[in-house]
Each structure stands twice: as structure tokens, then as C-alpha cells.
Number of protein chains: 2
Amino acid sequence: MIHQRKCPVETLIHVLGGKWKPMILWHLIESNKRFNDLEKLIPDVSQKIFSQHLRDLEREGIVDRTVYPTIPPKVEYSISEYGKKLIPVAEVMCAWGENHNKRKYKESAS
Amino acid sequence: MIHQRKCPVETLIHVLGGKWKPMILWHLIESNKRFNDLEKLIPDVSQKIFSQHLRDLEREGIVDRTVYPTIPPKVEYSISEYGKKLIPVAEVMCAWGENHNKRKYKESAS
DNA sequence: CAGCATCCACGTTGATACTG
DNA sequence: CAGTATCAACGTGGATGCTG
């Protein structure tokens, strides 16, 4: 990504902008999850994109990644303390989005 | 766009996700602007993308487009009443983004 | 002035196969 | 189990030229 991101709004859009990132966070907010369990909760995502998004979110400090050096390997993902600061923001975004979806529905129904 | 957008957060990201859309809104919040004046305020945007973004925002109901049937033509863009509801949301997003940018700066400086 | 049409470069997403 | 590597498909963004 070569974005300059002078605009902070774009920063946020970039962090959450991956196709499945909001859904990943949504599930992680509920509870910590292992790689495989989380993947099963998000149908239709390819493994590559899935792990790429997780790495992105980890690099941004939004999610924590805990490795248990067992055999077979076990890796658990969770929302970081810093990542939790994103929740109220997401809620505001969510509220607007819900209203907007309703609005568009009414439009097409009229 | 073929997004399903079940998730309202994705709805918002889609609406604001165009590369120049936040900047367009930023300038329109300040005051109404004509096509050409607005374009000059946003350097490096191609005309195609610029008008495409404006049409997107118009279709979503965020901006109003007023045509004065004069010669030469004059078209003025402005934030709609509905679009103004987006401002507080953008401010929340902006606050988070600013903090995140600072955080990343500190990281790379350490 | 305020666009649209065409063509092109690039990045993101995705399918598939392989590995410690 | 939890990934990585490779290759293909698609969509967004962009340059350029034309029009009412």
C-alpha cells in the first residue's frame, strides 16, 4: 500500500478496508479464536486472504497473536487492548451504515 | 460493486472508500463548490475518477447536485442534509485515525 | 464548463497446491 | 493445525481525447 494517508479518515478506512476485516474483528470481539475456528466462521474466504488480513490487523496492533508451541500447533487470535479502542468507533460506523442500508431499501421499494 | 454489505460497517467503508471521497466531502463541508473549482482543490485526481466519485456520492444521497442551465453550464455540488449526518461519524473516524497515525509514527521512531 | 468514452497499469482478491 | 507460494481473475484508479 502506497497510500499517503494524510487524511486520518483514510487511515481508518485502510485499516478496516480489507474485504473480511470487519467480520474478523466482529468474531474476535465476541471471544478469542483459533485460526481454524475463525476461518470456519467466515465462509467463502480463501486461506491466503484470511491469513493476510490477520497479519495486517496484527501489524496495526489491533489483534494479538498467541502461539502455543505444541504439536499440532495452536495459534490464538484476540482483540488487543489497543484494538478495543476501535470498538466504539465501529459502533458509530455501524449505526450510520444500518440507517443507510434501510434508507436505500426504502428507495428501491418505493 | 457487487458487495453484499450485510455488515453495516462495510456499507460505510464502501460509501467513503473511494480514494478521494473523504477529501471531496471535506471541501464540500466547507462550502458549496462548482465542478471545476472542486477539482482544482484536489490535485492529482483524474477527471474520470473525480466525476465518478461525485456521481457515487450523489447516488448515495450524500451530496446534492444543482444544475444551472446556462451557457456555459454551471453545476454546483453541496452536502445534502442527509450527508450532514455523516459529519459526526467522520469526526469519530478522524480522531481514531489521527491517534493511530501518531502511534505508528512513534513505533517507527523508537 | 462539465462532463463521457476508450484504453491501460496496478493492486487486491481468489484458487490451488505445498510445508513445518 | 496453521500457515506460505504461485498463478490467475477482477476491479479500481488513471491518462488521454472528444462533446453538448
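Since this is a predicted model, take the numbers as computed values, not measurements. In what follows, chains carry the letters A, B, and so on, assigned in the order in which the sequence lines appear, proteins first and then strands, with residues in each chain numbered from 1.
Listed candidates were C:dA2, C:dG14, D:dA2. Nearest to the side chain of A:Trp20 is C:dG14. Taking the side chain of A:Asn36 as heavy atoms from C-beta on, and the options C:dG3, D:dC1, C:dA2, the nearest nucleotide is D:dC1.
For D:dC1, the OP1/OP2 oxygens have no side-chain nitrogen or oxygen of A:Tyr77 closer than 4.0 Å. The shortest distance between the side-chain N/O atoms of A:Arg34 and the OP1/OP2 oxygens of D:dA2 is below 4.0 Å.
B:Phe35 is listed as a side-chain neighbour of B:Tyr77, based on a closest heavy-atom distance under 4.5 Å. The shortest side-chain heavy-atom distance between B:Leu86 and B:Leu12 falls under the 4.5 Å cut-off.
B:Lys21 places no side-chain N or O within donor-acceptor distance of the main-chain N or O of B:Lys19, the cut-off being under 3.5 Å. Without hydrogens or angle criteria, A:Lys33 side chain to A:Ser78 main chain gives no donor-acceptor distance under 3.5 Å.
In this view, B:Asn36 and B:Glu39, B:Lys40 satisfy the side chain to side chain contact (heavy atoms under 4.5 Å, CB included) rule, not counting sequence neighbours.
Atom CD1 of B:Ile13 and atom C1' of C:dT13 are 16 Å apart (whole Å). Rounded to whole angstrom, the span from the NZ atom of B:Lys19 across to the C1' atom of C:dT12 amounts to 14 Å. To the nearest angstrom, P of C:dC4 lies 10 Å from CD of B:Glu58. Look at CD on B:Glu76: it is 10 Å from P on C:dA2, rounded to the nearest Å. Taking atom NZ on B:Lys74 and atom P on C:dG3, their separation rounds to 13 Å, with Å as the unit. Regarding A:Leu38, its CG atom lies at a distance of 14 Å from the C1' atom of D:dG3, rounded to whole Å. In this structure, B:Arg65 atom CZ and C:dC4 atom C1' are separated by 12 Å, rounded to whole Å. Summarising the geometry, the separation between NZ on B:Lys33 and P on C:dC1 is reported as 17 Å, rounded to the nearest angstrom.
By the 30° and 60° cut-offs, the orientation of the rings of A:His100 relative to B:Tyr82 is parallel.
Grouping the Ile, Leu, Val, Met, Phe, Trp and Tyr side chains by contacts below 4.5 angstrom, directly or via other members, places A:Met23 with A:Ile49.
Counting only N and O atoms by type, the side chains of B:Ser80 and B:Asp64 include no donor and acceptor under 3.5 Å apart.
Residues from residues 39-57 of chain A that place a heavy atom under 4.0 Å from any atom of DNA chain D, listed by number: A:Gln47, A:Lys48, A:Ser51, A:Arg55.
Across all their heavy atoms, B:Ile13 and A:Pro22 have their closest contact at CD1-CG, 4.4 Å.
A:Tyr68 comes within 4.0 angstrom of nothing in the nucleic acid, heavy atoms only.
An angle of 50°, rounded to 10°, separates the two end axes of the helix from C:dC1-D:dG20 to C:dG20-D:dC1, each defined over five pairs.
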